[in-house]
Amino acid sequence: MQKTINEHKFAFIICTNNDLYLQECIHYLNQLIIPDGYETDLLTIYEAASMTSGYNEGMASTDARYKIYLHQDVFIVNRFFLLDILSIFQSDPAIGMIGMVGYPIVSPTGIMWHSKRIGALPLYGGHEHAYPHADYKSYRYSLTDGISDAALIDGLMMITSQDLPWDDTTLKEWHFYDAFQSMNFLLHGYRVVVPVQKLPWFIHDDGMLLSMWSYNKYRKIFMEKYAPYLGKSHSQIRKKP
């Protein structure tokens with residue numbers, strides 16, 4: 001039996017192993033303005049075997065149309081966040097996924113950050129110094145500010161309007177789920193976009209060390225699976241309806 005989708009619901013889906021990070025993340029979520037007629041859901045996944053299996057569990061556990069998959073150490077400071085992502089999705093039904101940080105081209109090396117970056121990547125403690133006179137309370141994003149199409153988006157936050165399964169068969173750990181899912185959406189004909197952020201929408205308190213052995217293992221798998229698309233842009237990858 002097919003699940004009925006609630007068109008007026010947002011779900012935050014978080015894989016977590018640190019209650020301090022989680023509680024701070026939730027503190028910021030509780031400050032968000034909820035659009036009239038909409039509701040929110042929060043799903044926290046403990047002891048997930050992998051990011052993909054955790055996200056598939058979260059996806060299956062909610063009927064929300066809009067799902068916000070985010071890291072436990074991401075704190076959303078844009079109180080109008082839900083209104084803003086709703087306006088982006090409603091501007092074009094072909095938009096299937098939104099990221100905060102993205103890359104228009106798939107790097108030939110398979111490493112995201114070897115390509116030009118779009119979006120914002122404010123790290124913890126840096127946003128106040130970078131924007132000393134920023135008025136976060138009144139700042140509003142507008143569609144006229146623009147959105148940029150991406151080939152890949154960073155997994156720190158991935159927001160979807162469509163349910164495509166995460167590849168938990170190939171990806172058994174915590175790497176490259178974002179690159180695989182970005183390609184998945186493009187190859188299903190959806191746009192993947194990143195909003196222009198005159199002020200950052202979030203803070204990322206990223207202190208985690210990267211396991212390069214594990215990362216490189218999945219980089220090679222990504223490069224083999226998507227070999228025809230290495231060095232290509234989003235427009236060269238996306239399957240047109």
Side-chain angles (χ1 to χ4, degrees), residues 13-15 17 45 47-61 67-71 74 89 92-119 121 147-194 204 206 208-241:
I13 300 172
I14 308 169
C15 290
N17 62 358
I45 314 298
E47 300 181 359
S50 65
M51 192 68 88
T52 51
S53 65
Y55 280 171
N56 276 332
E57 179 183 337
M59 183 173 67
S61 300
K67 297 176 179 68
I68 300 106
Y69 301 90
L70 75 161
H71 290 185
V74 170
F89 281 127
D92 182 0
I95 296 175
M97 186 159 63
I98 300 171
M100 296 294 101
V101 180
Y103 304 86
I105 294 174
V106 178
S107 168
T109 66
I111 300 174
M112 275 194 196
W113 53 87
H114 283 181
S115 298
K116 173 188 174 183
R117 189 175 72 203
I118 54 176
L121 187 56
I147 55 176
S148 300
D149 281 87
L152 305 176
I153 58 173
D154 192 292
L156 61 90
M157 189 180 343
M158 305 175 75
I159 309 149
T160 66
S161 65
Q162 308 296 323
D163 288 343
L164 297 182
W166 300 77
D167 187 351
D168 57 10
T169 301
T170 305
L171 306 174
K172 300 291 189 179
E173 299 179 53
W174 307 93
H175 303 295
F176 274 88
Y177 61 92
D178 44 6
F180 271 71
Q181 192 68 335
S182 297
M183 295 296 294
N184 193 16
F185 268 76
L186 290 175
L187 293 174
H188 274 83
Y190 294 108
R191 292 175 65 192
V192 178
V193 303
V194 175
H204 190 201
D206 184 13
M208 185 176 68
L209 294 175
L210 188 67
S211 168
M212 291 310 298
W213 183 89
S214 182
Y215 179 87
N216 200 46
K217 168 186 171 183
Y218 287 103
R219 180 179 71 88
K220 291 177 180 178
I221 293 172
F222 175 82
M223 292 181 69
E224 181 177 349
K225 181 177 177 67
Y226 295 112
Y229 305 107
L230 297 176
K232 300 293 181 64
S233 71
H234 57 85
S235 61
Q236 294 172 301
I237 300 169
R238 182 183 166 217
K239 300 298 184 186
K240 301 301 188 292

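Since the model is a prediction, treat every value here as computed from it, not as a measurement.
Annotation: side chain of Gln162 is in contact with side chain of Phe185 (closest heavy-atom distance under 4.5 Å). Looking at heavy atoms from C-beta onward, Lys217 lies in side-chain contact with Glu173 at the 4.5 angstrom threshold. Put simply, the side chain of Leu171 does not reach to within 4.5 Å of the side chain of Phe222, judged on heavy atoms. Considering only heavy atoms from C-beta on, Ile237 comes within 4.5 Å of Met183 through its side chain. Using a 4.5 Å cut-off on side-chain heavy atoms (C-beta onward), His234 and Val192 make no contact.
The heavy-atom pair separating Phe89 from Thr160 by the smallest distance is CZ-C, 3.8 Å. For Ser233 against Ser235, the heavy-atom pair with the smallest separation is OG-OG, 3.0 Å. In plain terms, the two heavy atoms of Gly54 and Ile45 that are nearest each other are O-CG1, 3.7 Å. Closest approach of Ala94 to Arg238, counting heavy atoms only: CB-NH2, 3.5 Å. Smallest separation of non-hydrogen atoms from Ser182 and Met158: OG-CE, 4.3 Å. Taking all atoms of both residues into account, the shortest heavy-atom contact from Val194 to Ala150 is CG2-CB, 4.3 Å.
Leu164 contributes atom CG, which lies 6.0 Å from atom CD of Gln181 (distance to the nearest 0.5 angstrom). In this structure, the separation between CD1 on Ile159 and CD1 on Ile13 is 12.0 Å, given to the nearest 0.5 Å. Rounding to the nearest 0.5 Å gives a distance of 6.5 Å between OG1 of Thr109 and CZ of Arg219. Taking CD1 from Ile98 and CD1 from Ile68, the interatomic distance works out to 9.0 Å, rounded to the nearest 0.5 Å. Once rounded to the nearest 0.5 Å, the distance linking CG of Leu70 with SG of Cys15 reads 10.0 Å.
No donor-acceptor pair under 3.5 Å is formed between the side chain of Gln236 and the backbone N or O of Ile105. Proximity of a side-chain donor or acceptor of Ser148 to a complementary backbone N or O of Pro104 within less than 3.5 Å is not detected. Asp168 places no side-chain N or O within donor-acceptor distance of the main-chain N or O of Thr52, the cut-off being under 3.5 Å. Side-chain atoms of Arg117 never come within 3.5 Å of backbone atoms of Met112 as a donor-acceptor pair (strictly under, hydrogens ignored).
For Arg191, the salt bridge (Lys or Arg N to Asp or Glu O under 4.0 Å) partners are Asp92, Asp149, not counting sequence neighbours. Residues that satisfy the side-chain hydrogen bond (donor to acceptor under 3.5 Å, both in side chains) test with Ser115, not counting sequence neighbours, are absent from this structure. In this structure Tyr55 satisfies the side-chain hydrogen bond (donor to acceptor under 3.5 Å, both in side chains) test with no other residue, sequence neighbours excluded.
For Asp163 and Lys67, the salt-bridge test passes: some basic side-chain N is under 4.0 Å from an acidic carboxylate O.
Classified by interplanar angle (parallel below 30°, tilted 30° to 60°, perpendicular above 60°), the ring pair His71/Tyr177 is tilted. Using cut-offs of 30° and 60° for the angle between ring planes, the His175 and Tyr215 rings count as perpendicular.
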Practice prompt. For Leu156 and Val101, run side chain to side chain contact (heavy atoms under 4.5 Å, CB included): C-alpha distance rounded to whole Å, both residues' side-chain angles, the deciding distance at 0.1 Å, then the answer.
Written response: CA-CA 8 Å; Leu156 61 90; Val101 180; 4.2 Å; yes
Worksheet item: Can you check side chain to side chain contact (heavy atoms under 4.5 Å, CB included) on Tyr229 and Leu186, steps first, answer last?
Response: CA-CA 11 Å; Tyr229 305 107; Leu186 290 175; over 6 Å; no
Discussion item. Set out, in order, the CA-CA distance, both residues' side-chain angles and the distance that settles side chain to side chain contact (heavy atoms under 4.5 Å, CB included) for Asp178 and Tyr69, then state yes or no.
Written reply: CA-CA 10 Å; Asp178 44 6; Tyr69 301 90; over 6 Å; no
Fill in: Audit row: Asp154, Met100, side chain to side chain contact (heavy atoms under 4.5 Å, CB included) steps and yes/no
CA-CA 7 Å; Asp154 192 292; Met100 296 294 101; over 6 Å; no
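Screening Tyr218, Phe180, Phe176 for a ring pair (Phe, Tyr, Trp, His ring centres under 6.0 Å) with Tyr226, the sole residue that qualifies is Phe180.
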